[in-house]
2 protein chains.
Amino acid sequence: MAAHSETNWLTEPEQRAWRAYLRGGRMLIEALDRGLAAHGLSLSEYEIISMLSEEDTRQMRMSELADLVVQSRSRLTHTATRLEKRGWVVREPCQGDRRGVLLTLTPTGAAKVEQIAPVHLDQVRAHLVDRLSAEQFATLGGAMENVMSGLDGFADSDGRAPNDRY
Amino acid sequence: MAAHSETNWLTEPEQRAWRAYLRGGRMLIEALDRGLAAHGLSLSEYEIISMLSEEDTRQMRMSELADLVVQSRSRLTHTATRLEKRGWVVREPCQGDRRGVLLTLTPTGAAKVEQIAPVHLDQVRAHLVDRLSAEQFATLGGAMENVMSGLDGFADSDGRAPNDRY
DNA sequence: CAAATAAGATTGAACTCTCAACTATTCCCA
DNA sequence: TGGGAATAGTTGAGAGTTCAATCTTATTTG
């Protein structure tokens with residue numbers, strides 16, 4: 001057993017796949033972001049109000065939402081403040097836990113989601129779904145679920161890893 | 001044929017795959033970014049010097065590099081300036097086209113890439129490659145190549161789409 | 001060939017995100 | 001039950017990114 005730490009480089013096909021993932025992913029996100037920018041919001045802003053719109057109460061705890069959209073709590077705080085200024089969300093106290101804040105979608109915000117959703121969906125189709133076979137897409141989804149489960153709880157919402165508090 | 005524009009929502013499994021892609025992708029990038037942050041650089045900075053290190057001349061035109069790593073020219077200009085301050089790259093005039101700039105990896109920069117590459121690779125393996133079957137990973141790569149080719153030339157490096165210049 | 005247009009890159013101001021520090025509340029347990 | 005630790009969220013300053021305008025050099029075309 002070689003005890004030395006020789007680097008196990010990626011194989012040629014692995015290398016290629018990894019590059020495609022990184023570059024293609026960046027291109028996709030950018031395209032979607034620009035698509036939404038034409039309607040006055042960014043992809044991550046859309047994710048936030050869209051997630052809220054799917055709750056039957058139309059509200060969610062800040063930290064829960066931060067985890068869901070993979071943003072730091074601090075970032076969500078700032079973004080929520082901006083969204084609040086635009087009238088799309090409001091903060092409500094969370095009864096039962098006075099530390100908590102419920103970010104709540106306003107009717108205006110809900111209207112915005114409904115207006116944007118079909119547009120955004122078209123772009124997701126055009127750039128992603130329609131470019132893949134059903135099987136490819138399903139495999140992609142499964143793969144990313146694997147990735148997610150491996151990373152679950154990897155870092156908390158403010159960037160400190162679980163084992164960072166020694 | 002219904003001429004109305006009713007929204008064709010994603011099917012349940014499509015929805016699930018898309019969400020996994022978005023969330024898993026964000027988690028992955030974030031994990032890799034943090035992994036590199038521990039060594040003093042961000043993922044996108046690493047991408048830049050890593051791409052340069054693979055050229056036999058160890059240099060690349062700004063715009064070509066910007067396209068490769070999917071950053072706007074402006075962003076690359078700023079980032080290159082910061083990398084230059086750290087001594088990892090230098091700008092050189094591009095003979096043959098006096099508009100051009102060749103971003104060039106310094107020996108120090110090359111050393112940094114060599115130092116970081118194995119670390120980064122381990123993280124890519126741990127969070128992505130090792131979590132997927134060979135077939136899943138290959139399919140993922142192929143899928144993202146499809147996405148890439150669909151988006152190729154979709155927007156230039158400063159964010160203006162090809163058909164934006166009317 | 002001169003004017004117009006395009007391409008390569010930069011600039012600086014506005015905006016967004018990160019990081020560390022901080023307040024407040026709740027949880028744990030001795 | 002009280003005090004330490006963990007959780008929820010915010011803050012502000014610094015770092016990074018975007019956007020539109022600008023400058024310079026190449027290329028096109030009338």
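What you are looking at is a predicted structure, and each value in this text was computed from that prediction instead of being measured. Numbers restart at 1 for each chain; the letters A, B, ... are given by sequence-line order, proteins then strands.
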| said: With clusters defined by side-chain heavy atoms of hydrophobic residues (ILVMFWY) lying less than 4.5 Å apart, directly or transitively, does B:Tyr21 cluster with A:Val70? | reply: yes

Listed partners of [X] passing salt bridge (Lys or Arg N to Asp or Glu O under 4.0 Å), at least two apart:
| X | answer |
| --- | --- |
| A:Asp97 | A:Arg61, A:Arg99 |
| B:Arg86 | B:Glu45 |
| A:Glu84 | A:Arg91 |
| B:Arg131 | none |

Any idea which of [options] is nearest the [X] side chain?
| X | options | answer |
| --- | --- | --- |
| A:Met62 | D:dT10, C:dG8, D:dA8 | D:dT10 |
| A:Arg75 | C:dA9, C:dT18, D:dT11 | C:dT18 |
| A:Ser74 | C:dG8, D:dT18, C:dC19 | C:dC19 |
| B:Arg73 | D:dC19, C:dC19, C:dG8 | C:dG8 |

| task | Name the residue closer to the 5' end of DNA chain D, choosing between A:Leu76 and B:His78 according to the nucleotide with the nearest heavy atom. | result | A:Leu76

| Nearest-nucleotide comparison on DNA chain D, the residue closer to the 5′ end among A:Ala37 and A:Arg61 | A:Arg61

Side-chain donor-acceptor pairs under 3.5 Å in residues 113-121 of chain B, sequence neighbours left out?
none

| request: May I ask you to list the residues of residues 79-94 of chain B, by number, that have any heavy atom positioned under 4.0 Å from an atom of DNA chain D? | output: B:Thr79, B:Arg82

| message | If you take any heavy atom closer than 4.0 Å to DNA chain D, which residues from residues 42-58 of chain B end up in contact? | response | none

Identify each donor-acceptor pair in which a side-chain atom of residues 50-57 of chain B lies under 3.5 Å from a protein atom, sequence neighbours left out, and give them as a table.
| residue | atom | partner | partner atom | Å |
| --- | --- | --- | --- | --- |
| B:Ser53 | OG | B:Ser50 | O | 2.7 |
| B:Glu54 | OE1 | A:Arg19 | NH1 | 3.2 |
| B:Glu54 | OE2 | A:Arg19 | NH2 | 2.7 |
| B:Thr57 | OG1 | B:Gln59 | N | 3.4 |
| B:Thr57 | OG1 | B:Gln59 | O | 3.4 |

| remark: residues 135-151 of chain A vs salt bridge (Lys or Arg N to Asp or Glu O under 4.0 Å), sequence neighbours excluded, gives A:Glu145-B:Arg16

What nitrogen or oxygen pairs link the protein and nucleotides 26-28 of chain D at under 3.5 Å?
| residue | atom | partner | partner atom | Å |
| --- | --- | --- | --- | --- |
| D:dA26 | OP1 | B:Arg98 | N | 2.7 |
| D:dA26 | O4' | B:Arg99 | NE | 3.4 |
| D:dA26 | O4' | B:Arg99 | NH1 | 3.2 |

| note | Sorted by chain and number, sequence neighbours left out, side chain to side chain contact (heavy atoms under 4.5 Å, CB included) with B:Arg98 holds for none

| task | Tell me, with the steps shown, if B:Arg26 and B:Leu22 meet side chain to side chain contact (heavy atoms under 4.5 Å, CB included). | result | CA-CA 6 Å; B:Arg26 290 249 155 92; B:Leu22 196 53; 4.3 Å; yes

| Counting only side-chain N and O atoms of B:Arg34, is one of them less than 4.0 Å from OP1 or OP2 of C:dT18? | no

| For the helix from C:dC1-D:dG30 to C:dA30-D:dT1, what angle lies between the axis at the first five pairs and the axis at the last five pairs, to 10 degrees? | 30°

